[in-house]
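Below is one structure; the comments refer to it alone.
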Amino acid sequence: MTQSTLETRWLMTLQGSIPKPVVISPSLMIFNVLDATIDSPRLKAKILPPSGDWVQVQDNGNWKLDVRLLMEADDGCPIYAQYSGILRMDPGLGERLASGEEIPGSELYFRSAPYFQTPSEKYGWLNNIVAVGKMRSFGGGNVVYDIFEVL
């Protein structure tokens with residue numbers, strides 16, 4: 001039997017600033033997304049409020065992500081992104097994040113599955129794709145991750 005592979009291609013990079021979260025309870029944190037941008041040859045956009053990440057902290061310490069972003073493309077078109085994902089809280093990672101360290105993506109498992117919605121004909125192709133995200137660096141108030149289109 002031949003094993004199948006999943007083909008992807010790089011779609012965009014999201015880079016932004018996030019302040020410390022608002023802690024609602026030991027199992028719920030809310031991060032406001034500030035000053036974030038999307039950059040790629042096919043799309044350049046900025047993140048607008050309201051945008052944020054509602055993180056559910058699981059019993060094992062992992063973070064379940066619930067992110068909603070409002071984007072405005074450089075030509076003014078609105079784009080909505082919604083995704084879930086997981087940050088695996090490996091030993092010592094919580095302390096490193098709490099100290100403000102910016103951690104390379106190679107040292108953490110932070111994956112997401114974004115979906116997009118836009119009324120724009122120009123960016124309508126976003127409505128018809130499945131994507132996955134992989135963190136490039138996280139912590140210290142900064143976030144950089146790459147999003148890939150699943151082919």
Side-chain angles (χ1 to χ4, degrees), residues 8-120 122-123 125-127 129-150:
T8 63
R9 81 173 152 210
W10 177 82
L11 180 63
M12 64 182 74
T13 297
L14 184 147
Q15 183 167 352
S17 301
I18 52 173
K20 290 186 179 190
V22 176
V23 178
I24 303 299
S25 72
S27 64
L28 177 61
M29 299 182 292
I30 301 172
F31 289 87
N32 193 20
V33 177
L34 304 175
D35 191 33
T37 58
I38 297 285
D39 189 33
S40 82
R42 297 171 74 187
L43 173 65
K44 294 191 185 325
K46 61 184 174 183
I47 307 297
L48 301 176
S51 293
D53 186 356
W54 288 256
V55 172
Q56 292 284 336
V57 180
Q58 299 176 301
D59 290 341
N60 63 4
N62 291 346
W63 293 6
K64 282 187 95 169
L65 313 174
D66 178 8
V67 178
R68 286 129 201 274
L69 303 173
L70 173 60
M71 298 183 261
E72 181 180 66
D74 59 358
D75 61 4
C77 292
I79 301 167
Y80 171 72
Q82 183 274 327
Y83 60 87
S84 58
I86 191 100
L87 167 59
R88 191 167 46 217
M89 199 55 67
D90 294 329
L93 185 57
E95 292 80 12
R96 292 174 68 191
L97 289 170
S99 75
E101 180 180 347
E102 190 165 341
I103 301 168
S106 60
E107 297 180 23
L108 52 83
Y109 183 90
F110 195 137
R111 304 292 188 270
S112 63
Y115 288 90
F116 302 94
Q117 183 177 343
T118 181
S120 167
K122 179 178 180 181
Y123 304 111
W125 54 270
L126 285 167
N127 296 328
I129 66 169
V130 172
V132 294
K134 181 179 178 184
M135 189 60 63
R136 192 187 302 174
S137 66
F138 179 66
N142 298 306
V143 59
V144 180
Y145 63 91
D146 293 308
I147 298 172
F148 300 84
E149 177 182 2
V150 178

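We're numbering straight along the sequence, starting at 1.
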Open item on the list: Between W10 and M12 (side chain of the first, backbone of the second, donor and acceptor by atom type, cut-off under 3.5 Å), is there such a pair?
Closed with: yes
TODO: Kindly compute the distance separating CE (M135) from CG (L108), expressed to the nearest 0.5 Å.
DONE: 7.0 Å
Task: Atom of K134, atom of F148 and distance for their closest heavy-atom approach - done: CB-CE1, 4.3 Å
Task: Pairs touching residues 24-49 that satisfy side chain to side chain donor-acceptor pair (under 3.5 Å), sequence neighbours left out - done: S25-S27, D39-K44, R42-E149
TODO: Search all heavy atoms of G52 against all heavy atoms of V33 and return the closest pair with its distance.
DONE: CA-CG2, 3.8 Å
Task: Nearest heavy-atom neighbours spanning M89 and N62 - done: N-OD1, 2.8 Å
Task: side chain to side chain donor-acceptor pair (under 3.5 Å) pairs, two or more places apart, involving residues 101-120 - done: R96-E101, R96-E107, E102-S137, E102-N142
TODO: Kindly compute the distance separating CZ (F116) from CD1 (I147), expressed to the nearest 0.5 Å.
DONE: 4.5 Å
Task: Close side-chain approach of V55 and L87, heavy atoms under 4.5 Å - done: no
TODO: Heavy atoms only: give me the nearest P26-V57 pair and the separation to one decimal.
DONE: O-CB, 3.8 Å
- [ ] For the residue pair L28 and Q56, establish whether any side-chain heavy-atom pair is separated by less than 4.5 Å.
- [x] yes
Task: Side chain proximity check, V67 to F31, heavy atoms < 4.5 angstrom - done: no
- [ ] Name all residues meeting the ring-ring contact (aromatic ring centres under 6.0 Å, His included) criterion together with F138; count only those two or more places apart in sequence or in a different chain, and write none if there are none.
- [x] F110
Open item on the list: Is it the case that the side chains of T13 and D146 hold a donor-acceptor pair, with the cut-off being a distance below 3.5 Å and no angle test?
Closed with: yes
Task: Closest non-hydrogen atom pair, Y83 against P114 - done: CB-CA, 3.2 Å
Open item on the list: Check this for me, if you would: do D66 and R68 make a salt bridge, where the nitrogen-to-carboxylate-oxygen distance has to be below 4.0 angstrom?
Closed with: yes
Task: 4.5 Å side-chain heavy-atom contact, I86 and Q58 - done: yes
Task: I38 and I79, any side-chain heavy atoms less than 4.5 Å apart - done: no
Task: Over all atoms of both residues, closest heavy-atom pair of L70 and S51 - done: N-OG, 2.9 Å
TODO: Side-chain contact test, heavy atoms from C-beta onward, threshold under 4.5 Å: evaluate it for D53 versus V143 and give yes or no.
DONE: no
